[in-house]
Amino acid sequence: MMGAVAQDEAPPTTVVGAPPAAQPMAAPAPQPVEPPAADAEEPVQDIVVTGEKGAPPGDPLEQLNAKSFEAVQSVDKAVVEPVAKAYNKGLPRPVRKGLRNFFSNLGEPIVFAAYMLQLKPGKAAETAGRFGVNSTLGFLGLFDVAQRKPFHLPHRNNGLANTLGYYGVGPGPYMYLPVVGPTTLRDIVGDTVDKMILPMAVGDPFNKPAYVIPATVLNQLGERAAFDETIQDLRKQDDPYASYRDLYLKQRQAEIDALHGQAPAEPIVPVYGPGIKTPGNEQAAPDAN
């Protein structure tokens with residue numbers, strides 16, 4: 001037993017040249033993670049904003065107006081434009097011009113009232129004189145005798161919408177409406193009142209459908225035919241809707257500025273009615289029809 005114990009306690013024999021026995025390797029101690037410094041700069045993230053561009057100032061209903069414009073232009077190309085061109089070819093220019101003069105002359109009392117509301121009695125007197133001359137010597141306004149020698153009384157656009165603008169009422173939102181076309185909240189209110197005055201003040205026949213419907217059609221055809229070239233140019237623009245809107249708003253602002261004696265900063269391309277007469281530029285753009 002003692003020998004066995006002694007044998008068991010004897011040290012292990014080492015073989016010369018043999019590699020030492022592999023020792024288990026201790027796992028490396030985890031390194032402490034230092035928190036980022038409080039004043040360390042965070043990487044700047046680029047903020048990308050997506051979404052549709054907002055409507056331009058003055059045209060909050062741009063998308064709806066643009067769709068209305070496209071629809072009206074489609075109908076115009078298919079129906080109104082061919083009829084307007086037939087109107088141009090079928091009626092001699094003096095007849096077309098006479099019809100436009102007639103409808104323009106019917107609006108002179110509205111122009112007179114607007115100048116009175118604007119406290120411009122001189123312009124009101126000229127308008128009254130123009131209406132009297134053209135209603136008599138001009139055969140109910142078919143001939144614009146008043147603008148010629150010796151009278152020199154030109155037509156001027158005016159009405160309740162201009163009067164509101166003259167006293168500082170803004171145009172409000174721009175709208176493009178079927179039948180009406182380009183307008184603003186101020187203009188549609190003023191124009192609606194203007195159109196109601198003659199039927200209410202005079203009555204028959206101006207309040208009868210037998211007069212109102214054909215008169216409206218002829219008047220609209222005359223305006224469409226007169227500005228066909230301008231409309232065709234607008235359709236060639238990159239954004240016809242925006243071009244039409246901008247020209248309309250510029251013309252309306254120029255008319256109101258003219259009431260204050262201010263000339264436009266740049267030439268105005270008329271998209272309705274006669275050209276703008278302003279201080280220092282009494283010659284309007286030539287009438288297309």
> Listed by chain and number, what are the side-chain hydrogen bond (donor to acceptor under 3.5 Å, both in side chains) partners of Arg130, not counting sequence neighbours?
Replying inline: Glu108, Asp144
Could you go through residues 206-214 and list every donor-acceptor pair under 3.5 Å that involves a side-chain atom there, pairing it with any protein atom two or more places apart or in another chain?
from   : atom 1 : to     : atom 2 : distance (Å)
Asn207 : OD1    : Asp204 : N      : 3.3

Expected output: side-chain [X] to main-chain [Y] donor-acceptor under 3.5 Å:
{"X": "Ser68", "Y": "Tyr176", "result": "yes"}
{"X": "Asn65", "Y": "Leu61", "result": "yes"}
{"X": "Asn134", "Y": "Ala146", "result": "yes"}
{"X": "Asn101", "Y": "Leu142", "result": "yes"}

> Is there any salt bridge (Lys or Arg N to Asp or Glu O under 4.0 Å) pair reaching into residues 158-179, and which pairs are they, with sequence neighbours excluded?
Replying inline: none
> Do any pairs count as a salt bridge (Lys or Arg N to Asp or Glu O under 4.0 Å) and have a residue in residues 213-227, sequence neighbours left out, and if so which ones?
Replying inline: Asp76-Arg224, Glu81-Arg224, Arg100-Glu223, Arg224-Asp228
> If you group Ile, Leu, Val, Met, Phe, Trp and Tyr whenever their side-chain heavy atoms sit less than 4.5 Å apart, what else falls in with Met196?
Replying inline: Met200
> Which other residues belong to the hydrophobic cluster containing Tyr115, where Ile, Leu, Val, Met, Phe, Trp and Tyr are joined when side-chain heavy atoms lie under 4.5 Å apart, directly or via other members?
Replying inline: Val111, Leu119, Tyr166, Tyr167, Leu259
> Considering residues at least two apart in sequence or located in another chain, which fulfil the salt bridge (charged side-chain N to carboxylate O under 4.0 Å, His left out) criterion with Asp59?
Replying inline: Arg245
> Residues in salt bridge (charged side-chain N to carboxylate O under 4.0 Å, His left out) with Lys250, at least two apart?
Replying inline: Glu266
What's the shortest heavy-atom distance between [X] and [Y], and which atoms?
{"X": "Ala225", "Y": "Asn88", "answer": "CB-OD1, 3.4 Å"}
{"X": "Gly172", "Y": "Leu185", "answer": "CA-CB, 4.5 Å"}
{"X": "Ser243", "Y": "Leu234", "answer": "CB-CD2, 3.8 Å"}

Can you list the residues that meet the side-chain contact (heavy atoms from CB on, under 4.5 Å) rule with [X], with sequence neighbours excluded?
{"X": "Ser135", "value": "Asn105, Phe131"}
{"X": "Asp191", "value": "Ala161, Asp187, Asp194, Lys195"}
{"X": "Leu221", "value": "Val83, Ala84, Tyr87, Val217"}

Report yes if the side chains of [X] and [Y] come closer than 4.5 Å at any heavy-atom pair, otherwise no.
{"X": "Asn158", "Y": "Phe112", "answer": "no"}
{"X": "Pro182", "Y": "Phe69", "answer": "no"}
{"X": "Ile256", "Y": "Arg186", "answer": "yes"}
{"X": "Glu62", "Y": "Tyr174", "answer": "no"}
{"X": "Ile188", "Y": "Met175", "answer": "yes"}
{"X": "Gln73", "Y": "Arg235", "answer": "yes"}
{"X": "Val271", "Y": "Phe227", "answer": "no"}

> Less than 4.0 Å between a side-chain N and a carboxylate O, is that true for Arg252 and Glu255?
Replying inline: yes
> Of all residues at least two apart in sequence or in a different chain, which pass the ring-ring contact (aromatic ring centres under 6.0 Å, His included) check with Tyr248?
Replying inline: Tyr272
At what distance, to the nearest 0.5 angstrom, does [atom1] of [X] lie from [atom2] of [Y]?
{"X": "Ile110", "Y": "Thr127", "atom1": "CD1", "atom2": "OG1", "answer": "11.5 Å"}
{"X": "Ile231", "Y": "Tyr244", "atom1": "CD1", "atom2": "OH", "answer": "5.5 Å"}
{"X": "Leu164", "Y": "Leu160", "atom1": "CG", "atom2": "CG", "answer": "4.5 Å"}

> Applying the 4.5 Å side-chain criterion to the ILVMFWY set and letting contacts propagate, would Val72 and Val180 be lumped into a single cluster?
Replying inline: no
> Going by atom types only, do Asn162 and Gln118 share a side-chain donor-acceptor pair under 3.5 Å?
Replying inline: no
> Counting only heavy atoms not in Gln232, do more than 12 fall under 6.0 Å of its CD?
Replying inline: yes
